[in-house]
Asks: 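Structure below; questions to follow.
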Amino acid sequence: MMDATVATIKMIFFSGLFTIILGLPLGILLYLWGKSNSIVIRVTYSVLSLLVNILRSIPFIILMVALIPFSKAVVGTSIGVLGTIPPLVIGAAPFFARLVETSLREVDRGVIEAAQGMGASTNQIVMRVLLPEARPGLLAGVTITLVTLVSYTAMAGMVGGGGLGDLAIRYGYHRYETEIMIVSIIFIVVLVQLLQMAGDRLVKHYTRK
């Protein structure tokens, strides 16, 4: 049980890390390009937005199976903790990017215009205005994404993904060991609650009164 828990935590940590690394700049680009007046950039935004929507629309269990060749090419395997990380990232990064885009859109327009009036460049506005102002929303987005990844790792157990989901399916379902199924569910619930509590604390800390 402890090995399965550690495997689940590893999957969440590494997939969450790469999801943030890819999803944050993707969400920033979606925000910036969506407000552009350039026809070329608007077309690029439409294509990128469509791709994000397509990836978000595919159920994770199907996406994981479809990406088996990709996972083998990238990490050398499609099963276990290592083989699960690529589909987890590809499945979660577009989701997180949309949350980033939404958080940036909620930043007060007056603050952005003030920075523009002082001659700030786009990079300066993003780094010094948008991201700091949107920090509570971004942290909430990270929390939601990590909780979503927990459910993804559980589904990954259907195709040998490892972790608590794999333990619950192999022993709790196929071998009818109900106790293992129940304990796995409890561990997953506790993990989700800990992530949610930590995320809520960070959001509350950085939210301006």
Asks: Could you tell me the separation between the CG atom of Leu29 and the OG atom of Ser49, rounded to the nearest 0.5 Å?
Replies: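 The OG atom of Ser49 is 12.5 Å from CG of Leu29, to the nearest 0.5 Å.
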Asks: CD1 of Ile58 to CG of Asn53: how many Å apart, nearest 0.5 Å?
Replies: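 Going from the CD1 atom of Ile58 to the CG atom of Asn53 covers 11.5 Å.
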Asks: Between atom CE of Met11 and atom CG of Leu82, what is the distance when rounded to the nearest 0.5 Å?
Replies: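 Here the rounded value is 11.0 Å.
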Asks: Output the rest of the hydrophobic cluster of Leu99: all Ile, Leu, Val, Met, Phe, Trp and Tyr residues reachable through side-chain heavy-atom contacts under 4.5 Å, sorted by chain and number.
Replies: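 Reading the cluster by chain and number, Leu99 sits alongside Phe95, Ile144.
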Asks: Is there a side-chain contact between Arg105 and Tyr31 in this structure, where contact means two heavy atoms from C-beta onward sitting under 4.5 Å apart?
Replies: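 Yes, their side chains come closer than 4.5 Å.
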Asks: Looking at Arg56, I'd like to know if its CZ atom is crowded, meaning that more than 12 non-hydrogen atoms belonging to other residues, nucleotides or ligands lie closer than 6.0 Å.
Replies: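 More than 12 heavy atoms, drawn from other residues, nucleotides or ligands, come within 6.0 Å of this atom.
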Asks: Which heavy atom of Pro136 sits nearest a heavy atom of Thr207, and at what distance?
Replies: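 Closest approach of Pro136 to Thr207, heavy atoms only: CB-OG1, 3.6 Å.
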Asks: Is there a side-chain contact between Ile180 and Ser184 (heavy atoms, below 4.5 Å)?
Replies: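 Sidechains of Ser184 and Ile180: in contact.
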Asks: Got Thr8 and Ile12 here, is their nearest side-chain heavy-atom distance under 4.5 Å?
Replies: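 Sidechains of Ile12 and Thr8: in contact.
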Asks: Taking the side chain as C-beta and beyond, is there a heavy-atom pair between Thr19 and Leu88 under 4.5 Å?
Replies: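 No - every pair of side-chain heavy atoms lies 4.5 Å or more apart.
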Asks: Does a side-chain heavy-atom distance below 4.5 Å link Leu51 with Val47?
Replies: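 Result no, sub-4.5 Å side-chain heavy-atom pair not found.
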Asks: Measuring from atom OG1 of Thr143 to atom CG of Asp200, what distance do you get when rounded to the nearest 0.5 angstrom?
Replies: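 Rounded to the nearest 0.5 Å, the OG1-CG separation comes out at 6.5 Å.
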Asks: Would Val100 and Leu104 count as a side chain to side chain contact (heavy atoms under 4.5 Å, CB included) here? Give the steps.
Replies: CA-CA 6 Å; Val100 172; Leu104 295 180; 4.0 Å; yes
Asks: Restricting to salt bridge (charged side-chain N to carboxylate O under 4.0 Å, His left out), what partner residues turn up for Glu179, sequence neighbours left out?
Replies: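 Expected list: none.
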Asks: Phe187 versus Leu191: any side-chain heavy-atom pair under 4.5 Å?
Replies: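 No, too far: nothing below the 4.5 Å cut-off.
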Asks: Output the rest of the hydrophobic cluster of Ile182: all Ile, Leu, Val, Met, Phe, Trp and Tyr residues reachable through side-chain heavy-atom contacts under 4.5 Å, sorted by chain and number.
Replies: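 Direct or chained contacts put Ile182 with Ile186, Val190, Leu194.
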Asks: Determine the minimum heavy-atom distance between Leu48 and Trp33, stating which atoms define it.
Replies: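 That would be CD2-CZ3, 3.8 Å.
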Asks: With clusters defined by side-chain heavy atoms of hydrophobic residues (ILVMFWY) lying less than 4.5 Å apart, directly or transitively, does Val89 cluster with Phe13?
Replies: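 Phe13 and Val89: one cluster.
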Asks: Indicate the atoms forming the closest heavy-atom contact of Pro86 with Ser71, along with that distance.
Replies: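 Looks like CB-OG, 3.9 Å.
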Asks: Can you run down the ring pair (Phe, Tyr, Trp, His ring centres under 6.0 Å) pairs that involve residues 43-62, sequence neighbours left out, and say none if there aren't any?
Replies: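 As it turns out, the ring pair (Phe, Tyr, Trp, His ring centres under 6.0 Å) pairs with a partner in residues 43-62, which skip direct neighbours, are Phe60-Tyr152.
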Asks: Stepwise, does the side chain to side chain contact (heavy atoms under 4.5 Å, CB included) test hold for Val75 with Ile85?
Replies: CA-CA 9 Å; Val75 297; Ile85 291 175; over 6 Å; no
Asks: So, taking the atom named CG in Leu139 and the one named CZ in Arg201, what distance separates them when rounded to the nearest 0.5 Å?
Replies: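 Nearest 0.5 Å value for the CG-CZ distance: 14.5 Å.
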Asks: Does Val6 belong to the same Ile/Leu/Val/Met/Phe/Trp/Tyr cluster as Val150, with side-chain heavy atoms less than 4.5 Å apart forming each link?
Replies: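 Per the 4.5 Å side-chain linkage, Val6 and Val150 are not co-clustered.
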Asks: Compare every heavy atom of Ala156 with every heavy atom of Thr84, then report the nearest pair and how far apart it is.
Replies: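 Reported closest heavy-atom pair: CG2-CB, 3.6 Å.
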Asks: If Ile, Leu, Val, Met, Phe, Trp and Tyr residues are connected whenever their side-chain heavy atoms lie under 4.5 Å apart, and connections chain through other members, are Val43 and Leu26 in the same group?
Replies: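 No; Leu26 is not reachable from Val43 via cluster members.
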Asks: Specify the closest pair of heavy atoms between Gln124 and Gly119, including all atoms of both residues, with the distance to one decimal.
Replies: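 Smallest heavy-atom distance, with atoms named: OE1-O, 4.3 Å.
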Asks: Atom OG in Ser57, atom CD1 in Ile62: separation rounded to 0.5 Å?
Replies: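 It comes to 11.5 Å.
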Asks: Just to verify, what does Arg98 make a salt bridge (charged side-chain N to carboxylate O under 4.0 Å, His left out) with, not counting sequence neighbours?
Replies: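 With sequence neighbours excluded, Arg98 shows a salt bridge (charged side-chain N to carboxylate O under 4.0 Å, His left out) to Glu101, given in chain and number order.
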Asks: Stepwise, does the side chain to side chain contact (heavy atoms under 4.5 Å, CB included) test hold for Val81 with Phe14?
Replies: CA-CA 10 Å; Val81 173; Phe14 287 107; 5.8 Å; no
Asks: With heavy-atom distances below 4.5 Å as the criterion, would you say the side chains of Glu133 and Asp108 are in contact?
Replies: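 With C-beta onward as the side chain, the pair stays apart.
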Asks: Side-chain heavy atoms under 4.5 angstrom apart, residues restricted to Ile, Leu, Val, Met, Phe, Trp, Tyr: same cluster for Leu149 and Met197?
Replies: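 No, no single cluster joins them.
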Asks: List the steps, then state whether side chain to side chain contact (heavy atoms under 4.5 Å, CB included) holds for Leu164 with Thr153.
Replies: CA-CA 8 Å; Leu164 291 169; Thr153 60; over 6 Å; no
Asks: Ignoring hydrogens, what is the shortest heavy-atom contact between Ala140 and Val203? Give both atom names and the distance.
Replies: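 Ala140 and Val203 have their closest heavy atoms at N-CG2, 3.6 Å.
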Asks: By the salt bridge (charged side-chain N to carboxylate O under 4.0 Å, His left out) test, which pairs, at least two apart or in different chains, include something from residues 144-163?
Replies: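 Output for this query is empty, none listed.
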Asks: Taking the side chain as every heavy atom from C-beta outward, state whether Leu138 and Val142 have any atom pair closer than 4.5 Å.
Replies: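 No - every pair of side-chain heavy atoms lies 4.5 Å or more apart.
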